[in-house]
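Notes follow once the structure below has been shown.
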Amino acid sequence: QWNEPRICSRRYMKVDFADIGWNEWIISPKSFDAYYCAGACEFPMPKIVRPSNHATIQSIVKAVGIIPGIPEPCCVPDKMSSLSVLFLDENKNVVLKVYPNMSVETCAC
Amino acid sequence: SPPACPVQPPADPDSSAPGRDPRRGSPPPPGLGSIAQDMVAVHMLKLYEKYNREGSRPGDGNTVRSFKARPEFLAQKPLYCFNLTSMQDSEMILAATFHFYADKRPRHREVFCKRSKNSSCRLLHLPPVLQLNLVFQSIHQNSAYGLVKGNITVLLQRRGAWHAKDISHIVKESKRAGELILCVELDSGEKHQGFPEQVASHLPYILVYANDLAISEPNSVAGTLQRYDPFPPSDGDPNLSPNASTETRVRRDTYLASSIQNNELPEVDYSNNKYNKHDIWENAYRSLKPKASRKDRRRKGQENTETLKKSQVLNFDEKTMKKARRK
């Protein structure tokens, strides 16, 4: 993903349950688009990265350099969506659960 | 008793109305394997598709559990038993439904009509409405008798079809009392001869619609979907590695009174035992790393040897070069 922007943004990540060894009991989905957030939250942060007020302050403090060791704000999920998962429980009964915050919709600093 | 139509629970978003065969819709998705033959699995797949299509509405709950019946004999009566122990304390039951298949006609009448060789026999002897008593009882361990939890009479106008009955109050009461082995007797008033000759796909089942309060907690997905313990129990195992001691490890760092100075959360007691094991994520992820195959390991071993050889050769070369320079 070299062509992805350096600035904080949502990146594509598809998770296959077989890759993490959960495919034996998860019936559906076999995989889902989880996405992830990555990129810099450098000063000055544009509105597109939706910086929180705290992130703005931290970014200024970092840029000024008055307090040593303060890092740049992190690029993190802002809005997330749920995922319905159909799986077999320990007694081999079919269970449906709707897990919140499984897929990233937007990222922010 | 209420006439024929069983009650559909309010939280049930399923389009399969009582008496309709859920298998009549689209075929189950591929890759489901043998479980697609079960009616309960087909029903759950339909619910899954509906939740995916429409999303779960507020009040629907975030969990649907299915329980397959296990035919059992109790006090010489054929019963269908359900093991509800997988329900979690954090799951608040919204509704529960009992799904059962009504045979086309009672067996003894079938035999009688075969003997009489009269083609109109079946029509003459088939009552328009079948009355069925559903006797729910909870079973205690090591007990031959159950405690009756509910008695529901249903009048079935359609035979050879699936029916559903709201049993929310029974399941809620069973969970509250911690009596999670629930059995049901389908009593049609006929003499008990054993279980009807029904295929496995016609076994009754229970669906429990619940709202899992713990699902919003951090790491909830691992609580239900991660089946292996990244920290296997090691109590009393003499073959332990020296680092695998179960005793609390002694902190060797300098004690800093202020949380501002030590970068730790002020309200968290890090000396508490519970943080020693299950909250160390690095270890959990370490266990997820795929093991290299024997071939890969052998190759890696060879690589290591080669690297070692190379470094030795390089050192030798450097020494040679130094000597050469001196000369």
Side-chain angles (χ1 to χ4, degrees), chain A residues 13-38 54 57-58 61-62 66-74 76-105, chain B residues 28-33 35-36 38 40-56 60-68 70 82-88 91 205-212 215-218 220-228 263 285 287-288 290:
Chain A
M13 177 175 72
K14 182 181 180 170
V15 174
D16 195 323
F17 285 120
D19 290 342
I20 55 174
W22 294 8
N23 58 318
E24 283 175 35
W25 47 88
I26 292 181
I27 300 163
S28 193
K30 297 288 174 204
S31 62
F32 74 104
D33 293 334
Y35 299 98
Y36 70 100
C37 297
H54 180 270
I57 302 293
Q58 185 177 332
V61 170
K62 158 77 178 168
I66 40 170
I67 308 172
I70 299 295
E72 273 178 359
C74 290
V76 292
D78 181 34
K79 282 183 188 166
M80 304 184 83
S81 56
S82 57
L83 179 76
S84 303
V85 181
L86 196 67
F87 63 97
L88 294 168
D89 70 5
E90 286 82 353
N91 297 332
K92 303 273 182 198
N93 287 316
V94 184
V95 180
L96 169 65
K97 270 189 185 282
V98 184
Y99 291 96
N101 304 333
M102 289 288 279
S103 184
V104 177
E105 282 191 356
Chain B
L32 195 64
I35 71 154
D38 290 340
V40 56
V42 174
H43 198 152
M44 288 297 286
L45 272 167
K46 280 195 161 275
L47 283 174
Y48 168 73
E49 282 168 5
K50 193 172 176 64
Y51 272 58
N52 260 352
R53 205 170 48 241
E54 298 169 14
S56 61
D60 270 358
N62 50 34
T63 301
V64 186
R65 282 189 184 272
S66 68
F67 299 95
K68 261 190 287 187
R70 198 181 61 239
F82 301 90
N83 181 357
L84 308 179
T85 52
S86 52
M87 275 195 296
Q88 302 298 303
E91 291 172 0
Y205 58 92
I206 288 175
L207 294 186
V208 178
Y209 300 83
N211 195 31
D212 189 353
I215 210 164
S216 300
E217 286 177 10
S220 67
V221 73
T224 42
L225 292 179
Q226 186 172 314
R227 295 290 163 79
Y228 47 85
N263 206 29
Y285 288 127
S287 70
L288 288 171

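- Ranked by heavy-atom pairs shorter than 4.5 Å toward chain B, the options A/Val95, A/Asn101, A/Val85 are led by A/Val95.
- Under the salt bridge (Lys or Arg N to Asp or Glu O under 4.0 Å) criterion, A/Glu24 pairs with no residue, sequence neighbours left out.
- At a 4.5 Å heavy-atom cutoff, the contact between A/Ile26 and chain B is made by side-chain atoms alone.
- Nearest heavy-atom pair, A/Asn93 versus B/Ser66, reported as atom, atom and distance to 0.1 Å: CB-O, 3.0 Å.
- There is no contact between B/Val40 and chain A, counting heavy-atom distances below 4.5 Å.
- A donor and an acceptor atom, one from each side chain of A/Ser28 and B/Tyr48, are located under 3.5 Å apart.
- From B/Asn62, atom CG reaches atom OH of A/Tyr99 across 9.0 Å, with rounding to the nearest 0.5 Å.
- A/Glu72 pairs by the salt bridge (Lys or Arg N to Asp or Glu O under 4.0 Å) definition with nothing, not counting sequence neighbours.
- Contact detail for B/Ser86 and A/Asp89: the closest heavy-atom pair is OG-OD2, 3.0 Å.
- Distance CG/B/Asp38 to NZ/A/Lys92: 12.5 Å, rounded to 0.5 Å.
- Side-chain atoms of A/Trp25 come within 3.5 Å of backbone N or O of B/Leu225 as a donor-acceptor pair.
- Heavy-atom distances place the side chain of A/Phe87, and not its backbone, under 4.5 Å from chain B.
- With B/Val64 as the partner, the side-chain contact (heavy atoms from CB on, under 4.5 Å) test is satisfied by one option alone out of A/Leu86, A/Leu96, A/Val94: A/Leu96.
- For A/Asn91, the part sitting under 4.5 Å from any heavy atom of chain B is the side chain, from C-beta outward, and nothing else.
- For B/Glu91 against A/Lys97, the heavy-atom pair with the smallest separation is OE2-NZ, 2.9 Å.
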